[in-house]
Amino acid sequence: GQDAGVTLDDEGQKLIGSGEALTIEAAQIVAPEWFDTSALSAALSLPAGNAPVITNTTGDGIRIDGAAAEVKGLTVDGTDDDGIIAFADNVTIENVTVKNTAEEGIEMYANNHTIESVIVENTGDDGIILYSDNTTLNNVTVDGGDDGIFIGSGDNISLQNMNIIN
């Protein structure tokens, strides 16, 4: 297995797996001067594929220390600690599966987070644990663990379209 998982340490970093559809607007495509960009009037879209897997990590699967980070379109499977842990503001976790963790599936500190279209299953402790304000969970399934969702502290927590199985 790996010696460690992935750390997003700087502001605005993104970890986007192929399990996330990708659209690039024509205005974002940079081409050499000699290339005729008039044919690029429409966006380039790539459908989602199979989500890559981060597995067998010592420690956390993904650690987020940089604000405004995004984690999308991947699976974390098998960690010695938390699946995903975030210590920074404005983190987005979307289209992610977290499973088979020794501790929490997802653990969030700081504020202003979005967790959407996420599956958390077979955790050693809580499925999702929040110590944050202004956090939205939408279309989330938690299966197994001590507590499906544990809110340790925080104001303005929104839970929408949740499926908690224990």
Side-chain angles (χ1 to χ4, degrees), residues 1-25 28 30 43 45-121 123-142 145 149-162:
Q2 295 174 291
D3 291 332
V6 177
T7 298
L8 301 180
D9 204 30
D10 293 329
E11 184 170 340
Q13 288 184 311
K14 299 175 187 204
L15 181 60
I16 311 294
S18 59
E20 176 75 11
L22 176 64
T23 300
I24 301 173
E25 300 298 327
Q28 295 174 313
V30 178
S45 295
L46 302 172
N50 293 329
V53 179
I54 297 171
T55 189
N56 295 328
T57 63
T58 301
D60 303 314
I62 299 171
R63 179 186 171 104
I64 303 169
D65 292 324
E70 295 180 20
V71 176
K72 297 182 178 182
L74 54 87
T75 296
V76 177
D77 184 1
T79 66
D80 286 346
D81 208 331
D82 299 323
I84 299 174
I85 189 166
F87 295 101
D89 290 329
N90 302 311
V91 171
T92 299
I93 300 171
E94 187 176 318
N95 295 324
V96 169
T97 298
V98 177
K99 59 186 178 178
N100 303 318
T101 63
E103 298 294 329
E104 275 73 36
I106 298 174
E107 189 167 358
M108 306 296 285
Y109 295 90
N111 300 307
N112 306 315
H113 303 304
T114 301
I115 301 173
E116 186 165 347
S117 300
V118 168
I119 298 170
V120 178
E121 54 190 21
T123 62
D125 205 343
D126 300 319
I128 298 174
I129 189 166
L130 303 174
Y131 292 98
S132 59
D133 294 333
N134 304 318
T135 297
T136 299
L137 281 72
N138 183 29
N139 193 26
V140 173
T141 297
V142 179
I149 298 175
F150 177 83
I151 301 173
S153 64
D155 293 321
N156 196 24
I157 307 293
S158 174
L159 307 176
Q160 305 165 8
N161 303 315
M162 304 296 294

> With Thr141, which residues qualify under side-chain hydrogen bond (donor to acceptor under 3.5 Å, both in side chains), at least two apart?
Replying inline: none

> Looking at Gln160 and Thr136, what are the two nearest heavy atoms and their distance?
Replying inline: NE2-CG2, 4.3 Å

>> Any side-chain to backbone donor/acceptor pair from Asp133 onto Asp155? Under 3.5 Å, distance only.
In response: yes

>> I need the minimum non-hydrogen distance between Ala110 and Phe87, along with the two atoms involved.
In response: CB-O, 3.9 Å

> Got Asp60 and Glu107 here, is their nearest side-chain heavy-atom distance under 4.5 Å?
Replying inline: no

> Looking at CG of Asn95 and CD1 of Ile119, how far apart are the two atoms once the value is rounded to the nearest 0.5 Å?
Replying inline: 9.5 Å

>> Distance check, rounded to the nearest 0.5 Å: Ile106 atom CD1 versus Ile128 atom CD1?
In response: 4.5 Å

> So, for Thr57 and Ile54, which heavy atoms are closest and what is the spacing to 0.1 Å?
Replying inline: CG2-CG2, 3.8 Å

> Say you draw a straight line from CG of Asn161 to CG of Leu137; how long is it, rounded to the nearest 0.5 Å?
Replying inline: 11.0 Å

> Between Thr55 and Asp77, is a side chain to side chain donor-acceptor pair (under 3.5 Å) present by the stated rule, with each step listed?
Replying inline: CA-CA 5 Å; Thr55 189; Asp77 184 1; 4.9 Å; no

> Taking all non-hydrogen atoms of both residues, which atom of Glu104 and which atom of Asp82 are closest, and how far apart?
Replying inline: N-OD1, 3.0 Å

> Considering only heavy atoms from C-beta outward, does the side chain of Ile62 approach that of Leu74 to under 4.5 Å?
Replying inline: yes

> Closest heavy-atom contact between Pro52 and Gly73?
Replying inline: CD-O, 3.4 Å

> Taking only residues two or more places apart in sequence or in another chain, which ones pass side-chain contact (heavy atoms from CB on, under 4.5 Å) with Asn134?
Replying inline: Asn112, Asn156

>> Evaluate Glu103 against Ile85 for side chain to side chain contact (heavy atoms under 4.5 Å, CB included), listing each step before the verdict.
In response: CA-CA 11 Å; Glu103 298 294 329; Ile85 189 166; over 6 Å; no

> Taking only residues two or more places apart in sequence, or in another chain, which ones meet Ser153 in a side-chain hydrogen bond (donor to acceptor under 3.5 Å, both in side chains)?
Replying inline: none

> Can you tell me if Ser18 uses its side chain to pair, donor with acceptor, with the backbone of Asn50 under 3.5 Å?
Replying inline: yes

> Where is the tightest heavy-atom contact between Ala86 and Val91, given as atom of each residue plus distance?
Replying inline: CB-CG2, 4.2 Å

> Would you say His113 and Leu130 make side-chain contact, with heavy atoms under 4.5 Å?
Replying inline: no

